[in-house]
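Positions are given from 1, in the same order as the sequence printed here. Order of appearance sets the numbers: ligands from 1, and atoms from 1 within every ligand.
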Amino acid sequence: MVNKITVVGAGNVGATTAQRLAEKELAKVVVMVDVVEGVPQGKALDQWESAPIEGFDTRVLGTNGYEETASSDIVIITAGIARKPGMSRDDLLNTNAGIVKQVSEHVKRTSPNAIIIMVSNPLDVMAYVAKQVTGFPRERVLGMAGVLDTARYRSFLAEALDVSVEDIQAMVLGGHGDTMVPLISYTTVSGIPVTQLMDRKRLDAIVDRTRNGGAEIVKYLKTGSAYYAPSAASVQMAEAIVHDKKRVLPCAAWLEGEYGMSGLFLGVPCKLGRKGLEQIIEVELTPQERTDLGKSAEAVREPMSVLKL
Ligand code: APR
């Protein structure tokens, strides 16, 4: 375990993330920060009171300031507003950019060696804001999107094929929006290409459902967006870092020439270990997948270009 993990934002995603981190004992201390007085303190205390039942010794603390977060090993940023029905992730752009900018300044000052995992949306652009404001190297700024999008894709496939989720290997690349790119050519069930098990029409319907997976939940919830799977995905990334597992997971990473692109965060296969991003793995793509990834990159660059930092 590491010494300290901070979760910024004690809302649905943040609080669920903190609880999962504590239950897995990934840090000695988990600190939750939020601007609303009392909420991080109350939720943290409630979580700590579950420790004797769940059997974890990770201390969970809540605060409205950053002094308690000092020298965090990992900072997971979930602060911001969430989507309501009819809103795209890009509709959150200016509000969340202001919040993420302010949070990143605090992180830079109090935890200059931290690894940042961005969760706030629009994800790829918010990761860019954090990187610009902190000046951290790309090894230490990652965005959580691909793990979540891939989990959604895998859960839909498992259901359709009536097989265990554990046996579905897949990767969803690109931006965290409806242009994301589920890689059918790399989707297997225990190594068996999924195209041998399912016709193309059903597969396309699942790809489409994956692209709109976030919106499907927003439509049900009406007052907010998903948080169980997003928190699980963030914690999987943190776990890979804390335990130096060298896991290969699709994450939003700052590209410097990989996949022929530079100067943006985009979902690509990343090796995660104790140093954060340890390698971006370039896989062969079909011409269609390459075109789709390019389109997805354009969809990320567009909001980046109107962003005022
Ligand atoms: N510093 C810290 N916390 C903040 C700040 C700030 N400057 N501004 C807002 N917050 C807090 C809010 O007070 C709230 O408790 O962020 C929390 C957000 O929680 P929710 O509204 O429950 O939203 P949530 O579902 O957790 O989503 C948070 O993650 O998945 C993304 O799109 C989602 O951008 C959204 C983010």
Side-chain angles (χ1 to χ4, degrees), residues 6-21 31-44 46-47 61-69 72 75-111 116-130 133 142-149 151-152 175-178 180 212-235 237 251-252 265 267 303:
T6 287
V7 181
V8 186
N12 284 336
V13 179
T16 319
T17 299
Q19 179 77 16
R20 291 188 194 280
L21 290 168
V31 184
M32 241 190 306
V33 194
D34 201 289
V35 283
V36 182
E37 227 172 278
V39 166
Q41 292 87 344
K43 289 190 180 181
D46 191 11
Q47 291 177 355
L61 301 172
T63 173
N64 301 115
Y66 281 80
E67 298 322 310
E68 294 87 338
T69 74
S72 291
V75 177
I76 302 177
I77 301 179
T78 76
I81 53 165
R83 279 200 286 173
K84 308 262 171 4
M87 286 171 88
S88 76
R89 292 184 181 90
D90 285 352
D91 290 334
L92 311 174
L93 183 71
N94 286 319
T95 308
N96 283 357
I99 292 171
V100 168
K101 180 173 183 237
Q102 185 197 49
V103 169
S104 302
E105 281 161 359
H106 285 299
V107 173
K108 180 184 179 173
R109 180 175 57 83
T110 49
S111 295
I116 294 177
I117 299 175
M118 182 60 63
V119 184
S120 308
N121 275 309
L123 190 276
D124 309 275
V125 189
M126 293 307 111
Y128 168 68
V129 172
V133 173
L142 288 154
M144 185 293 293
V147 176
L148 168 63
D149 297 329
R152 285 181 173 147
H176 188 43
D178 49 19
M180 66 180 75
N212 296 298
E216 187 179 354
I217 307 261
V218 172
K219 214 170 143 196
Y220 280 121
L221 296 182
K222 294 185 184 70
T223 54
S225 53
Y227 53 101
Y228 291 111
S231 56
S234 320
V235 172
M237 289 173 66
C251 308
F265 275 87

Using a 4.0 Å heavy-atom threshold (strictly under), name the region of [X] that reaches ligand 1: side chain, backbone, both or neither.
X      : result
Ile81  : backbone
Val35  : both
Gln102 : side chain

Looking at [atom], what's its closest protein heavy atom, distance included?
atom                    : value
atom 3 (N) of ligand 1  : Ala79 CB, 3.5 Å
atom 36 (C) of ligand 1 : Thr78 O, 3.4 Å
atom 17 (C) of ligand 1 : Asp34 OD2, 3.7 Å
atom 32 (O) of ligand 1 : Asn121 ND2, 2.9 Å
atom 21 (O) of ligand 1 : Gly80 O, 4.1 Å
atom 27 (O) of ligand 1 : Val13 CG2, 3.7 Å

- Message: So for ligand 1, is Ser120 a polar contact partner (N or O within less than 3.5 Å, distance only)?
- Response: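 Looking only at distances, the answer is no, because the N/O contact criterion of under 3.5 Å is not met.
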
- Counting both backbone and side chain atoms, is some N or O of Ala82 under 3.5 Å from an N or O of ligand 1?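 Between Ala82 and ligand 1, no N or O pair is found under 3.5 Å apart.
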
- Query: What pairs meet the side-chain hydrogen bond (donor to acceptor under 3.5 Å, both in side chains) rule with one or both residues in residues 88-108, with sequence neighbours excluded?
  - Reply: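 Listed by first then second residue: Arg89-His176, His106-Arg109.
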
At a 4.0 Å threshold, what atoms of ligand 1 neighbour a non-hydrogen atom of [X]?
X      : result
Val8   : 2 (C)
Val36  : 13 (O)
Asn96  : 34 (O)
Val119 : 29 (O), 30 (O), 31 (C)

- Message: Under the side chain to side chain contact (heavy atoms under 4.5 Å, CB included) test against Met118, which residue among Val103, Leu123, Val75, Ile76 passes?
- Response: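 Among Val103, Leu123, Val75, Ile76, the one meeting side chain to side chain contact (heavy atoms under 4.5 Å, CB included) with Met118 is Leu123.
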
- Which of these, Ser231, Gly98, Gly11, Ala226, has its nearest heavy atom closest to atom 19 (O) of ligand 1?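 Ranked by closest heavy atom to atom 19 (O) of ligand 1, first place is Gly11.
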
What side-chain donor-acceptor pairs closer than 3.5 Å can you find for residues 224-231, not counting sequence neighbours?
unit_1, atom_1, unit_2, atom_2, d
Ser231, OG, Arg20, NE, 2.9
Ser231, OG, Tyr227, O, 2.7
Ser231, OG, Tyr228, O, 2.9

- Message: Between Ser111 (side chain only) and Thr69 (backbone N and O only), is there a donor and an acceptor less than 3.5 Å apart?
- Response: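 Side chain of Ser111 to backbone of Thr69, a donor-acceptor pair under 3.5 Å: yes, one is there.
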
- Query: Is a side-chain N or O of Asn64 found less than 3.5 angstrom from the main chain of Val36, in a donor-acceptor match?
  - Reply: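 Yes, Asn64 side chain to Val36 backbone: donor-acceptor pair under 3.5 Å.
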
- Task: Using the side chain to side chain donor-acceptor pair (under 3.5 Å) rule, pick out the option among Thr110, Thr6, Thr63 that qualifies with Glu68.
- Result: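 Filter result, single survivor: Thr63.
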
